[in-house]
Amino acid sequence: FAAIRTVFACDVFLFCSDMTQFYASTGHGYWTMILSACFPVNEGQLAGMQVALIYQWFFSGIGKAGPWFNYVNGPFMLQSRWLAGCRWLFKLLVKSEEDLSPTRVGILIAVTA
């Protein structure tokens with residue numbers, strides 16, 4: 001269990017600092033699974049991990065169900081390492097520099113993502 005506790009301590013640090021949010025290893029995503037791994041199997045280790053995954057997938061889907069998600073997807077795509085600075089993509093996803101509302105293509109991409 002020493003290795004699991006070490007990983008758990010590192011994950012607590014990542015949870016508090018949130019240094020790796022774009023690497024899909026933030027505390028809110030995996031902290032509960034690492035915490036569950038600290039318990040013995042006969043006390044619900046696997047069940048805790050499964051519940052954490054179910055919550056993660058379910059509530060990420062709920063978060064995408066509202067009209068606010070159309071305004072989130074385009075800016076995140078434009079900030080990525082590979083797409084940053086692409087003017088053609090900015091014009092495709094966002095109406096203008098003054099009006100950062102999504103275009104119809106941006107809304108379509110957000111809904112189908």
Side-chain angles (χ1 to χ4, degrees):
F1 281 113
I4 291 176
R5 288 191 177 113
T6 303
V7 170
F8 177 72
C10 291
D11 207 45
V12 167
F13 170 75
L14 291 174
F15 176 75
C16 294
S17 64
D18 203 19
M19 297 292 290
T20 59
Q21 70 174 343
F22 294 110
Y23 299 127
S25 62
T26 54
H28 71 274
Y30 298 104
W31 183 78
T32 52
M33 286 182 271
I34 298 293
L35 180 65
S36 298
C38 292
F39 290 93
V41 175
N42 60 351
E43 290 185 15
Q45 179 188 63
L46 182 61
M49 290 181 183
Q50 289 172 338
V51 167
L53 283 171
I54 289 169
Y55 282 168
Q56 183 177 354
W57 283 94
F58 179 75
F59 287 111
S60 67
I62 293 295
K64 294 174 185 170
W68 52 82
F69 190 68
N70 299 336
Y71 294 88
V72 173
N73 205 19
F76 272 102
M77 288 174 61
L78 294 169
Q79 293 176 24
S80 73
R81 179 178 293 169
W82 297 287
L83 300 174
C86 293
R87 296 300 300 165
W88 64 270
L89 187 62
F90 182 86
K91 291 177 182 178
L92 188 67
L93 298 176
V94 180
K95 289 183 179 176
S96 70
E97 291 185 19
E98 294 80 27
D99 182 11
L100 296 176
S101 300
T103 61
R104 290 181 191 261
V105 174
I107 291 172
L108 180 67
I109 290 173
V111 169
T112 58

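Just so it is clear, the structure is predicted and the values come from calculations on it, not from any experiment.
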- prompt: Between CG of L93 and CG of L108, what distance do you get to the nearest 0.5 Å?
  reply: 10.5 Å
- prompt: With sequence neighbours left out, what residues match S96 under side chain to side chain contact (heavy atoms under 4.5 Å, CB included)?
  reply: E98, D99
Quiz: residues 37-47 side-chain donor-acceptor pairs under 3.5 angstrom, not counting sequence neighbours:
unit_1	atom_1	unit_2	atom_2	d
Q45	NE2	A37	O	2.9
Q45	NE2	F39	O	3.2

message: According to a hydrophobic-cluster definition based on side-chain heavy atoms being under 4.5 Å apart (Ile, Leu, Val, Met, Phe, Trp, Tyr only), do V94 and W88 belong together?
response: yes
query: How many angstroms lie between atom CG of L35 and atom CD1 of I4, to the nearest 0.5 angstrom?
result: 11.5 Å
message: For residues L89 and W82: do they belong to one hydrophobic cluster (side chain heavy atoms under 4.5 Å, members Ile, Leu, Val, Met, Phe, Trp, Tyr)?
response: no
query: Which value, rounded to the nearest 0.5 Å, describes the distance between R104 atom CZ and L92 atom CG?
result: 13.5 Å
- prompt: Any idea which heavy atoms bring S36 and G48 closest together, and the distance?
  reply: OG-C, 3.3 Å
task: With side-chain contact (heavy atoms from CB on, under 4.5 Å) as the test, would you mind laying out the steps for L83 and F90 before giving the verdict?
output: CA-CA 9 Å; L83 300 174; F90 182 86; over 6 Å; no
